[in-house]
Structures are given as structure tokens and as C-alpha cells.
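Just below is one structure, and these are the notes that go with it.
Heavy-atom basis, side chains included; hydrogens, waters and symmetry copies ignored.
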Amino acid sequence: MRCNKDIRIRAMERGVYFWQIASWLCMTPESFSRLMRTELDEDDKKRVFWAIEQAAWEKEEWRKNRG
């Protein structure tokens with residue numbers, strides 16, 4: 001079973017890539033991928049879920065303003 005399955009599912013549902021999440025967490029995509037290899041504690045998961053929502057909001061705003 002893959003670690004952090006709930007995070008992976010939420011990112012897929014929201015249409016957000018790991019590199020976008022990493023950007024909101026001020027990490028490199030490689031560092032974020034390594035972080036995801038082990039199960040995160042609740043505080044870290046909250047930060048990642050926040051980053052997912054921020055990245056999804058940013059994506060939606062970009063689409064709205066694009067026309």
C-alpha cells in the first residue's frame with residue numbers, strides 16, 4: 001500500500017500535481033516526492049492539504065481570468 005493515500009487521492013480529485021503542491025510548500029518537487037514516501041503526521045498532512053487547496057484555487061482563478 002502506498003503511503004499518504006489520502007493526499008494522493010485529494011490531489012488527483014482537485015487536479016493538482018505534486019510540483020504545484022511543492023511550490024506552495026516552498027519545496028522542490030524532488031523533496032516533496034521524497035517526503036511522500038513515508039506516512040506523514042497529522043500536522044504535516046494539514047499543511048499539504050492546505051497547499052492542495054491553494055494550488056487548486058490558483059488553477060481555477062487562472063482559468064477564470066483566461067477568458
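- Interatomic distance, Lys45 NZ to Arg10 CZ, rounded to the nearest 0.5 Å: 11.0 Å.
- At least one donor-acceptor pair under 3.5 Å links the side chain of Asn4 to the backbone N or O of Leu40.
- Considering CD1 of Ile52 and CD of Gln54, their distance stands at 11.0 Å, rounded to 0.5 Å.
- For residues 21-43, the set of pairs meeting the ring pair (Phe, Tyr, Trp, His ring centres under 6.0 Å) definition, not counting sequence neighbours, comprises Phe18-Phe32, Trp24-Trp50.
- Listed for the Lys59 side chain is no donor-acceptor partner under 3.5 Å among the backbone atoms of Val16.
- With sequence neighbours left out, the salt bridge (charged side-chain N to carboxylate O under 4.0 Å, His left out) criterion links Glu60 to Arg14.
- Here CD1 of Ile21 is found 11.0 Å from CE of Met27. Values are rounded to the nearest 0.5 Å.
- In this structure, Glu39 contributes its side chain and Cys3 its backbone to no donor-acceptor pair below 3.5 Å.
- Here Arg47 pairs with Asp44 under the side chain to side chain donor-acceptor pair (under 3.5 Å) rule; sequence neighbours left out.
- For the atom pair CG (Leu35) and OG1 (Thr38), the distance works out to 6.0 Å, reported to the nearest 0.5 Å.
- Note: Ser23 OG to Glu58 CD = 7.0 Å, rounded to the nearest 0.5 Å.
- Contact of the Trp19 side chain with the Thr28 side chain is not registered, since no non-hydrogen atoms from C-beta on lie closer than 4.5 Å.
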